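Keep in mind that what you see is a predicted model, and the values were worked out from it rather than measured.
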Amino acid sequence: MPLIIETENLSRVFKSYKKPKGLLNSLKGFFSRQYESKIALAPTTLNIEGGQVIGLVGANGAGKTTLIKLLSGLISPSTGTSKVLGFNPNDRKNEYLKKISVLLGQKNQLWWDIAPVDSYDLLGKIYDIEAKEVDRRVEELAEIFSCTDQLQTQLRRLSLGERMKMEIIGALLHRPEVLFLDEPTIGLDIVAQNVIRNFIEQYMARYKPTIILTSHYMDDISRLSDRLLLISEGKIVYDGNVDEFTLRAETKQKLMIVLGSPTQEAMEFSGIGAISVGQKLIDLSVPAKGLGEVISRIAKFNVIQEIRIEESGFEEVIHEFLAKNVRHGKVGRGLTV
Amino acid sequence: MSFWRKMYGTAKLAVVSQFEYRINLFVDAVIQPLIGSLIEMAMWYAIFSSLGQLTLAGYTRDYYLVYALWASFFSRISANWMYEFRMIDEIESGKINGLLLRPISFYEYYLGQYLGYKSLTGVFSFLIPISVCLVVSSPVQLIRLPLAVSLLFYYVIFIHTVSFCIASLGFFFNKIHSVTIAKNISIWLLSGEIFPLDLVPDPYKKILLWLPFSSGVFVPTGYLTGRLQVSDVVLGFKSVSLGLCVSGLVAAIVWRQGRRVYSGTGA
């Protein structure tokens with residue numbers, strides 16, 4: 001697969017004004033201000049092949065959105081270079097902008113005061129698509145989403161989930177080759193999240209664009225991504241596939257054992273990854289590789305009423321990974337300069 | 001072709017959006033300029049009553065009354081503070097991100113909307129002074145209206161460019177609404193909205209006529225109401241052209257520098 005996205009030491013530093021508390025400091029700040037520089041993205045070198053879904057994960061303020069903004073040409077880099085589809089995003093050439101699409105989950109990009117059909121009509125003119133072709137593509141996408149009935153309703157009158165469907169149709173109308181999806185399912189209920197995920201899967205299978213996906217819902221990432229980039233304090237700290245990541249993070253299994261009658265022997269588990277241990281209920285969090293030993297010990301109880309085994313959530317896995325690597329000094333800290 | 005399609009699309013967006021809010025459109029296009037006209041006409045009526053003379057600077061009261069009637073409508077159409085505020089807000093809040101990611105410039109997007117909106121309000125607004133002039137005898141020469149309106153719309157492009165410069169300052173300073181208000185107050189005087197600029201003594205009058213701002217109200221209104229001639233309109237086109245070159249250059253510099261420091265707020 002050809003390289004679609006290439007970056008070389010791409011970084012961005014933001015400057016922000018620091019104002020200490022109080023009226024006097026406001027007055028001082030009127031005449032002279034102190035600025036602080038913060039590295040939002042440390043120099044990053046990255047290669048991404050076409051036709052992949054890249055899951056970009058990390059905590060709030062880790063640098064995910066900054067990377068998307070840089071790659072889409074929304075902001076200029078402080079250092080380094082990038083190429084997307086052979087273009088320098090920072091040049092913001094129309095030929096480039098016609099080949100990408102950015103969906104910012106927390107922002108409306110369609111027009112609030114008019115119906116989506118009118119917005120799509122305008123988008124058709126902006127992207128230079130024939131009116132009939134616009135209608136055909138809208139119909140096709142709306143059918144997949146089952147939202148044909150809402151196309152003529154003013155955007156402001158639609159629910160959040162309906163609006164997100166309309167935004168996605170708007171983002172895909174010009175068939176982008178690279179699609180940046182920043183939190184596409186944020187704030188949606190589980191049913192709506194699933195609808196969006198299914199849609200992305202179907203769209204991916206049909207048109208094979210390259211997708212850069214950020215999400216706080218790890219189901220989005222684990223279900224859709226071919227490759228995972230974990231970003232922390234402006235640095236990419238993991239680059240690989242989701243399964244390998246889970247292995248490296250030493251995932252833990254949650255075990256809940258309910259005993260039929262109280263037994264003093266249950267207290268033996270107090271030292272083995274115990275979340276809480278009582279005479280009738282044992283709640284443990286055990287590394288996957290130690291699971292066999294724990295189960296064989298539990299099997300000795302002849303008063304077991306119920307055993308529940310639960311895999312850690314992906315978010316917890318990331319948390320564990322970062323905690324472990326920070327502890328071992330593998331993840332950069334103190335990036336403020 | 002692509003440019004004109006985009007302009008048509010954004011102009012249509014402005015018209016479609018305005019039709020969603022009928023009362024707002026009606027008040028903006030009809031009531032507001034009508035109130036402005038009535039206030040100015042009352043003022044000139046009071047001035048002539050207290051002067052006790054039939055002419056002022058060589059023109060009778062009727063000339064001043066029709067000037068007041070038309071000036072308010074020309075002024076409403078050339079005013080763009082509403083779009084300027086929207087541009088500033090988009091940069092300040094980060095809503096501009098949605099536009100920066102599309103193959104249309106911020107300048108084109110708002111110019112198309114501004115022209116579309118002003119064409120729509122122009123059709124509604126001008127019906128009032130035209131009707132008055134058809135019913136009441138006045139010095140107005142309606143045959144001059146097409147040329148006067150052409151200059152007005154050329155001026156609209158210039159004033160949009162000035163607004164674009166001011167809005168682009170938002171990349172550096174965020175809140176700059178007070179600059180828009182200061183500019184508007186200056187334009188009230190410089191455009192001839194408050195009083196006809198030929199009342200100003202020379203050489204200030206010549207300077208004001210050479211500035212492009214007079215082409216927003218004084219030149220088209222003066223030409224329509226018989227105070228000015230074709231040569232003055234031609235001068236208006238020249239001064240607006242010069243203003244467009246200067247403001248366009250400043251806009252390009254401010255925009256480019258602004259984009260460099262922009263942090264993509266709110267995305």
Side-chain angles (χ1 to χ4, degrees), chain A residues 12-17 38 40 65-66 68-70 72-78 89-90 92-115 117-119 121-131 154 156 167 170-171 174 176 180 182-183, chain B residues 1-22 24-25 86 89-91 93-113 116-117 171-175 252 255-267:
Chain A
R12 174 71 194 218
V13 178
F14 289 123
K15 251 172 71 174
S16 57
Y17 161 49
K38 186 173 185 299
T65 307
T66 302
I68 285 189
K69 285 180 196 169
L70 285 164
S72 60
L74 196 56
I75 58 173
S76 313
S78 301
N90 199 35
R92 295 190 59 253
K93 288 192 173 159
N94 281 351
E95 293 82 8
Y96 171 64
L97 296 171
K98 279 182 182 176
K99 290 182 175 183
I100 66 158
S101 195
V102 184
L103 183 78
L104 305 163
Q106 300 180 65
K107 294 271 172 189
N108 285 311
Q109 286 170 277
L110 295 181
W111 289 267
W112 191 244
D113 293 324
I114 58 176
V117 275
D118 285 322
S119 286
D121 179 53
L122 173 59
L123 287 176
K125 290 182 174 70
I126 291 175
Y127 286 97
D128 216 5
I129 310 167
E130 287 302 316
Q154 203 182 25
R156 62 162 75 235
E167 292 284 350
H174 58 288
F180 299 95
D182 192 15
E183 305 280 2
Chain B
M1 184 62 191
S2 172
F3 170 78
W4 293 112
R5 275 194 85 195
K6 287 177 193 173
M7 292 303 282
Y8 171 66
T10 47
K12 197 170 130 188
L13 168 74
V15 174
V16 170
S17 303
Q18 289 305 319
F19 276 131
E20 291 287 331
Y21 307 103
R22 292 166 291 186
N24 192 55
L25 174 64
R86 276 174 58 180
D89 285 339
E90 291 221 4
I91 293 173
S93 66
K95 281 184 196 160
I96 191 178
N97 294 346
L99 277 174
L100 291 175
L101 297 165
R102 299 199 191 282
I104 183 169
S105 71
F106 193 55
Y107 180 87
E108 281 175 304
Y109 175 76
Y110 269 104
L111 178 64
Q113 283 203 69
Y117 179 56
F171 285 123
F172 305 93
F173 306 112
N174 288 329
K175 289 201 186 295
W255 174 261
R256 195 165 296 170
Q257 293 300 322
R259 285 274 297 112
R260 236 174 248 175
V261 297
Y262 182 54
S263 60
T265 323

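Atoms CG and CG, on A:L74 and B:N97 in that order, are 4.0 Å from each other to the nearest 0.5 Å. Distance check, rounded to the nearest 0.5 Å: OH of A:Y127 to CD1 of B:I104 gives 10.0 Å. Separating the CH2 atom in A:W112 from the CD atom in B:E20 is a distance of 13.5 Å, to the nearest 0.5 Å.
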Kindly indicate, with the supporting measurements, whether the criterion side-chain contact (heavy atoms from CB on, under 4.5 Å) is fulfilled by A:L97 and B:R102.
CA-CA 6 Å; A:L97 296 171; B:R102 299 199 191 282; over 6 Å; no
For a side-chain contact (heavy atoms from CB on, under 4.5 Å) check, start with the C-alpha distance between A:R92 and B:R259, then their side-chain angles and the critical distance, and finish with the verdict.
CA-CA 11 Å; A:R92 295 190 59 253; B:R259 285 274 297 112; 2.6 Å; yes
side-chain contact (heavy atoms from CB on, under 4.5 Å) between B:K6 and A:K125: does it pass, once the steps are laid out?
CA-CA 5 Å; B:K6 287 177 193 173; A:K125 290 182 174 70; 5.6 Å; no
Start with the C-alpha distance between A:L122 and B:K12, add both sets of side-chain angles, then the distance that settles side-chain contact (heavy atoms from CB on, under 4.5 Å), and finish with yes or no.
CA-CA 8 Å; A:L122 173 59; B:K12 197 170 130 188; over 6 Å; no
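Contact annotation for B:F19: neither backbone nor side-chain heavy atoms come within less than 4.5 Å of a heavy atom of chain A. Heavy-atom distances place both the backbone and the side chain of B:T10 under 4.5 Å from chain A. Neither the backbone nor the side chain of A:I68 comes within less than 4.5 Å of any heavy atom of chain B.
A donor-acceptor pair under 3.5 Å is formed between the side chain of A:K69 and the backbone N or O of B:S263.
Side-chain atoms of A:W111 and B:V16, non-hydrogen and from C-beta on, never get closer than 4.5 Å to each other. In this structure the side chain of B:L101 reaches within 4.5 angstrom of the side chain of A:Q109, judged on heavy atoms.
Listed options A:L103, A:N94, A:I100 were ranked by heavy-atom pairs under 4.5 angstrom with chain B; first place goes to A:N94. Options A:E183, A:K15, A:Q154 differ in how many heavy-atom pairs under 4.5 Å they form with chain B, and the most are formed by A:Q154.
Under a cut-off of 6.0 angstrom, the local environment of OH in B:Y8 is sparse, with at most 12 non-hydrogen atoms contributed by other residues, nucleotides or ligands.
When A:I114, A:D118, A:D121 are each tested for a side chain to side chain contact (heavy atoms under 4.5 Å, CB included) with B:L13, only one passes: A:I114.
Scored by the side-chain hydrogen bond (donor to acceptor under 3.5 Å, both in side chains) test, B:Q257 finds no partners at all (sequence neighbours excluded). By the side-chain hydrogen bond (donor to acceptor under 3.5 Å, both in side chains) test, A:K98 is found to be paired with no residue, residues two or more places apart in sequence or in another chain being considered.
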